[in-house]
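First comes the structure, then the notes that go with it.
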Amino acid sequence: MASFKNFSPLPGFRLSLGYTLFYLTLIVLIPLSAVVTNTVGMGWEAFWSAVTEPRVVATYKLTFGASLLAAAVNVVFGLIFAWVLVRYRFPGKGLVDALVDLPFALPTAVAGIALATIYAPNGPIGSLLAPWGIEIAYNPNGVLIALIFIGLPFVVRTVQPVLADLEKDVEEAAAGLGASRWQTFLKIILPHVTPALLTGFAMAFARAVGEYGSVIFIAGNMPMVSEITPLMIITKLEQYDYRGATAIASVMLLISFILLLVINGLQGWMQGRYTKGA
Amino acid sequence: MSASIALQPGALARYETPSTSEPAWIKVTLITVALTFFVIFLLFPLGTVFVQALSKGWGVYLSALTSHDALAAIKLTLITAAIAVPLNVVFGVSAAWAIAKFEFPGKRFLITLIDLPFSISPVVSGLIYVLIFGAQGWFGPWLAEHDIKILFAVPGIVLATIFVTFPFVARELIPLMEAQGAEEEEAAVVLGASGWQVFWHTTLPNIKWGLLYGVILCNARAMGEFGAVSVVSGHIRGLTNTMPLHVEILYNEYNYAAAFAVASLLALLAIVTLGLKTLVERQTRKQISESQKPSES
Amino acid sequence: MKFKTIIAGLLAASVLAGNALAADVTLLNVSYDPTRELYQDYNAAFAKYWKTKAGDNVTINQSHGGSGKQARAVIDGLDADVVTLALAYDIDAISDKALIPADWQKRLPHNASPYTSTIVFLVRKGNPKGIKDWNDLVKPDVAIVTPNPKTSGGARWNYLAAWAYALEQPGGNEAKAKEFVGQVFRNVKVLDSGARGSTTTFVERGIGDVLLAWENEAYLSLKELGDKFEIVTPSLSILAEPPVSVVDKTVDKRGTRKVAQAYLEYLYSPEGQEIAARNFYRPQDAKVAAKYAKQFAKVRLVTIDKSFGGWRNAQKVHFSDGGVFDQIYIPSGKK
Amino acid sequence: MSIHVTDINKQFGAFRALDNVSLDIPSGQLVALLGPSGCGKTTLLRIIAGLEYADSGRILLDGEDASDRHVRERQVGFVFQHYALFRHMTVFDNVAFGLRVRPKKFRPAEAEIRKRVTRLLDLVQLGWLADRYPSQLSGGQRQRIALARALAVEPKVLLLDEPFGALDAKVRKELRRWLRQLHDEIHVTSVFVTHDQEEALEVSDRVVVINKGKVEQVGTPEEVYDNPATPFVASFLGSVNLFHGRVDGAHLHVGEHALHVGHDHNVTDQAIAFVRPHEFDLLPVDSPEGGLPARILRVISVGPTAQVELARLDGELVEVTISRDALSVLGLREGDNVSLRPRTIRVFQGERLAA
């Protein structure tokens with residue numbers, strides 16, 4: 001440790017790393033350790049029964065199921081978005097490109113009430129679907145819609161630069177070797193963007209699992225049917241069940257951490273892949 | 001987590017040769033799909049906010065924004081962002097400096113920890129502060145004894161906001177500074193610049209757009225955070241309601257036009273954010289392409 | 001050192017934010033969802049009254065939310081001077097943490113409930129599904145909207161009212177009541193976490209055929225949102241007693257006991273009772289009640305103490321984790 | 001200012017970048033650190049500059065121990081491989097930077113700075129570019145600006161890291177001639193790192209050949225070229241033909257043939273020998289003077305000399321350069337058999353083999 005400063009002639013290593021660690025500890029680590037210690041304090045059995053309650057398990061299924069599905073939908077549409085933004089010219093492209101990030105910038109509560117208004121049976125889109133018996137708001141479909149909304153930019157924004165980076169000559173080479181356009185896409189383009197797609201998928205998934213604000217307005221929040229895990233934490237809190245809330249929070253925390261490691265791994269893979277290739 | 005884009009402006013033309021483009025019907029289909037998705041999922045919700053906000057006319061709209069509680073919420077939101085954003089900027093710059101310019105063990109793990117608040121549910125982010133500062137929490141009794149209010153007061157809201165916006169600036173700067181390397185800084189040091197001079201004259205000009213980008217995103221999230229703040233706010237009208245919470249309250253009071261009016265301010269903020277972001281991206285792109293310009297004779 | 005500076009900064013900011021609104025005396029009334037309009041009126045009236053009586057300017061800050069959530073916030077340190085919640089159980093929870101003495105319900109008349117309410121049905125104009133009473137709710141084509149009894153005080157009254165109805169039917173017993181309430185909740189389309197959320201869902205989003213609501217909430221919706229709805233009063237309902245209390249720990253610390261006490265007592269005054277009645281709460285004061293008798297439908301009301309053995313018992317049997325309410329929702333076979 | 005490097009060691013993880021390196025660089029000389037990439041030459045340069053710290057050993061500048069002196073106080077000028085020009089500053093501001101960041105007490109007046117920068121820009125012949133930004137310059141121009149910037153602070157030592165590495169061949173040639181002239185004008189002790197032997201030999205007063213973190217040889221360009229101290233130096237500088245064999249007295253035995261090596265080796269042992277392409281005579285097969293038999297594979301006669309590619313009987317390839325006149329006198333064609341006789345042969349045996 002003492003020889004750290006010998007690595008570089010640049011100043012400020014101790015100060016910047018010290019401050020970074022201090023601030024990280026103060027703002028992130030100490031608060032998070034509260035969840036961990038409170039969970040440890042409650043004992044294994046109490047913990048296990050709290051996190052495996054049927055109603056809680058149902059929220060996991062919905063949260064993870066809908067998040068997976070939403071991330072998968074976003075992979076498909078995100079790829080299409082990235083593709084048309086990189087490769088085609090069409091009116092309104094600049095606007096589309098700028099607004100893709102809207103879900104990043106729009107407060108989730110605003111997104112929630114706006115989506116609920118649109119997709120309610122008497123809303124502009126909901127009323128179009130209602131005659132066919134399709135209901136979106138106030139059931140798991142609503143959760144899915146909200147999660148698709150918030151996850152879209154993650155996929156578009158990871159795939160877009162990678163797609164833009166793909167040199168045309170590779171595709172020309174494939175065409176020259178007799179590959180059809182579809183074969184070129186499947187065998188050349190898709191493998192090239194796969195790490196980016198996976199990274200985008202994982203990011204959208206991680207974000208969706210934790211999402212609260214936009215979902216609760218549109219979910220309907222029926223126990224066993226359309227309750228998400230973060231809402232379960234709130235519900236537990238409102239029943240003065242701190243331990244239950246903390247236990248579920250620790251499960252989510254663990255999952256967040258695992259997802260993050262997965263994402264970092266994927267990004268490492270991506271970096272290795274794309275820098276070597278270039 | 002937002003990936004930065006490095007599209008070359010002239011990139012399009014590269015794809016318009018017969019061997020590497022698709023039949024027109026596929027193009028049209030894909031564009032149609034994308035545009036439909038765009039309209040339904042992005043444009044429509046945004047439009048709805050403004051349509052609903054103005055559904056009762058400008059008078060109701062303006063009075064909703066100038067009511068006492070709305071003004072208090074706006075003020076609180078601004079104060080919160082004004083504290084949280086600078087703190088996270090200082091942290092972000094400091095973390096990026098340590099991580100990008102030096103080698104030390106555990107660096108990747110440190111980056112993962114910095115990312116952590118990104119993937120934590122906002123609800124959990126609020127809960128942790130309840131567990132710490134709540135009357136039943138770690139410091140609760142001590143704080144009560146000394147009459148220091150954190151939870152259900154501005155400090156709690158600020159802390160929760162800092163937590164959820166924690167990685168934004170650092171996350172923009174780390175890859176940027178790593179890509180730029182340390183050569184310019186070393187050159188400045190060799191030329192006799194002091195630590196502060198190195199940062200001010202060499203590093204800052206090179207990262208200013210990335211920094212601004214991070215600040216914009218950080219600010220948007222700080223002003224728009226709902227879940228975490230909702231847990232620690234206490235919802236005291238005129239005192240501890242931020243704008244997103246005020247939207248919820250108005251919404252729950254059948255005051256839809258007013259709720260959407262305040263929401264429209266936040267949506268405007270989002271639009272301004274995206275506009276600035278696009279501008280900044282253009283600048284960053286310029287900077288990157290300049291620095292990467294091949295050196296020919 | 002740095003930590004202190006930050007804290008000091010945050011504190012300074014909080015003082016800054018607070019100062020603009022500071023008056024001679026401030027009270028924080030932590031209440032549940034449907035009382036927004038009631039206390040908006042009442043706070044203005046009380047401020048006037050207190051100014052003439054004690055000469056002080058009093059500003060009352062309001063916080064509204066689900067009853068359980070609000071009680072939780074007070075337990076976690078929200079400095080409420082008074083709490084005005086949906087049910088005694090939530091104030092009991094605060095009292096369990098020694099913020100309020102256990103006998104709080106004895107400190108004010110009528111079990112510390114200055115007004116009462118009950119549970120009614122809000123249906124769409126013309127009552128297309130022909131809903132008249134509780135047993136109409138279990139028809140297969142009826143979609144119900146109610147908040148979640150686990151998180152909403154009002155919803156617990158809804159649930160218990162349905163239960164009481166089933167018990168009172170000829171041959172009614174616990175098992176049949178459970179079966180009946182289970183059927184009711186299987187018809188629920190949307191289970192919001194608070195009373196206000198449910199009303200929004202029903203009224204604004206057009207979901208469901210019937211909203212189980214506080215009487216005052218139902219009348220208010222009618223008043224605010226026009227004539228697209230009708231109120232149906234069932235043959236039997238429950239006497240909901242939303243209680244109030246001073247939070248002793250806070251008022252002693254802040255030195256606001258006197259004004260907080262007066263704030264609650266004034267609720268029992270003719271003026272306070274008038275305001276409650278105008279906001280569709282059933283007044284306790286006989287004279288005011290008579291004056292507003294026309295406003296409230298006649299309904300047979302059971303009480304929680306008689307039918308359910310008090311709130312603590314009801315809570316334990318019905319709403320605790322794994323209680324009757326959970327069993328309704330959990331697929332058979334498990335637990 | 002002279003530079004003395006003593007017993008420098010530097011380790012990066014498990015990788016030994018510098019292994020007990022000692023070196024003297026006299027005042028006023030232009031010295032090349034030459035070696036293949038990854039040999040440690042850049043690390044050595046950065047340690048001299050103070051951009052890197054050695055694990056052990058000392059750096060003496062002008063006889064004074066500077067090992068613990070911060071880079072700011074070493075009074076060195078450093079030219080980075082990719083120039084490290086400040087992108088957001090004009091050429092003028094770049095050159096002025098070192099003067100402007102000085103503490104007030106030592107900072108020249110703005111007019112003085114202006115004068116000095118202008119003079120430096122004239123020195124590097126780029127005065128007309130003062131208001132441009134680095135991105136608007138060509139590689140060669142950037143290089144010269146980087147040099148001007150380094151010189152602005154009047155360093156006692158000028159250190160250049162692969163100064164011509166990123167330039168194309170033609171510019172590189174021009175610039176290195178120019179650098180030599182510049183050095184003759186200003187006479188600052190200069191050290192530059194390169195992996196290009198031609199560059200090192202052409203520009204420098206002395207060449208330091210480094211391999212795998214060790215100094216192989218130090219000498220004038222002629223010395224290291226003509227008398228390589230180790231097999232590595234021999235093979236790294238210029239092209240060579242390699243022979244494996246045994247020495248016995250004054251002869252090197254390659255297979256069943258013997259070559260005269262000029263002087264006696266008293267130990268009979270395995271050895272390797274190097275012969276440069278232009279140090280061969282090509283003789284008729286049955287020449288009485290002996291030599292290695294070989295067959296001509298290819299003759300390339302473009303320019304003043306001819307390259308002849310031959311195969312020895314055991315299949316090893318040999319490359320020979322002779323004048324075109326000699327080629328035509330001999331009348332050699334592809335497919336002819338000849339005898340190869342080296343005029344000069346460098347033999348390495350024993351310990352030095354291992355190096």
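All chains are named by letter (A, B, ...) in the order of the sequence lines, taking the proteins before the strands, and each is independently numbered beginning at 1. Below, all heavy atoms of this structure are taken into account, side chains as well, without hydrogens, waters or symmetry copies.
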Flag the one option from B:V49, B:L116, B:T273, B:I111 with the top tally of heavy-atom pairs under 4.5 Å to chain A. B:L116
Options B:V123, B:I40, B:I216, B:V93, ranked by heavy-atom pairs under 4.5 Å with chain A, top entry: B:V123
Quick check on the 6.0 Å ring-centre criterion: do A:Y23 and A:Y19 meet it? yes
Chain A interface, residue from B:V190, B:L269, B:V130, B:L46 that has the most non-hydrogen pairs under 4.5 Å: B:L46
Options A:N38, A:L261, A:V209, A:L259, ranked by heavy-atom pairs under 4.5 Å with chain B, top entry: A:N38
Taking the six-membered ring for Trp, are the ring centroids of A:F154 and A:F104 within less than 6.0 Å of each other? yes
Candidate list A:L147, A:D101, A:N74, A:V73, test side chain to side chain contact (heavy atoms under 4.5 Å, CB included), partner A:L152, passing option: A:N74
In terms of heavy-atom proximity below 4.5 Å to chain A, should B:E225 be classed as side chain, backbone, both, or neither? neither
For chain B, which of A:T108, A:T117, A:L115 has the most heavy-atom pairs under 4.5 Å? A:T117
Highest number of heavy-atom pairs under 4.5 Å with chain B: which of A:F77, A:F257, A:W182? A:F77
I want to know whether A:F13 and B:F104 have ring centres closer than 6.0 Å. yes
Under 4.5 Å from a heavy atom of chain B, the part of A:T246 involved: both
Which atoms of B:F91 come close to chain A, meaning under 4.5 Å heavy atom to heavy atom: side chain ones, backbone ones, both, or neither? both
So, the part of A:I125 with a heavy atom under 4.5 Å from chain B: the answer is side chain
With sequence neighbours excluded, tell me which residues meet ring-ring contact (aromatic ring centres under 6.0 Å, His included) with A:F205. none
Just to verify, what does A:Y242 make a ring-ring contact (aromatic ring centres under 6.0 Å, His included) with, not counting sequence neighbours? none
Is any NZ, NE, NH1 or NH2 atom of the basic residue among B:K101 and B:E184 found under 4.0 Å from an Asp or Glu carboxylate oxygen of the other? no
Which portion of B:S121 sits near chain A, non-hydrogen atoms under 4.5 angstrom: both
Bottom line for B:F163: the part with an atom under 4.5 Å from chain A's heavy atoms is both
Relative to chain B, which of A:I233, A:L253, A:L32, A:I234 shows the most heavy atom pairs under 4.5 Å? A:L32
Are B:Y256 and B:Q52 linked by a side-chain donor-acceptor pair shorter than 3.5 Å? no
Chain B interface, residue from A:L106, A:V96, A:L15, A:L95 that has the most non-hydrogen pairs under 4.5 Å: A:V96
Does a side-chain N-to-carboxylate-O contact under 4.0 Å join A:E171 and A:R87? yes
Can you tell me which of A:G12, A:P11, A:S16 forms the most heavy-atom pairs within a distance under 4.5 Å of chain B? A:S16
From the list B:T112, B:N219, B:L35, B:I26, the residue making the most non-hydrogen contacts under 4.5 Å with chain A is B:T112
One pair to check against ring-ring contact (aromatic ring centres under 6.0 Å, His included): B:F168 and B:F118. What are the steps and the verdict? CA-CA 8 Å; B:F168 279 84; B:F118 264 145; 5.1 Å; yes
Which atoms of B:V272 are under 4.5 Å from chain A, going by heavy atoms: the side chain, the backbone, both sets, or neither? neither
Chain A contact residues among residues 242-249 of chain B, heavy-atom distance under 4.5 Å: B:P244, B:V247, B:E248
Determine the interplanar angle of the B:F226 and A:F217 rings, folded into 0 to 90°, and report it as parallel if under 30°, tilted if 30 to 60°, perpendicular if over 60°. tilted
Max heavy-atom pair count under 4.5 Å with chain A, selected residue of B:V198, B:L113, B:V189: B:L113
Ranking B:T278, B:L43, B:L266, B:I114 by heavy-atom pairs under 4.5 Å to chain A gives rank one to B:L266
Examine whether an atom of B:F109 lies under 4.5 Å from a heavy atom of chain A, and if so say whether it belongs to the side chain, the backbone or both; otherwise answer neither. side chain
Bottom line for B:F166: the part with an atom under 4.5 Å from chain A's heavy atoms is side chain
Considering only residues two or more places apart or on different chains, which pairs with a residue in residues 33-44 of chain B satisfy side chain to side chain donor-acceptor pair (under 3.5 Å)? none
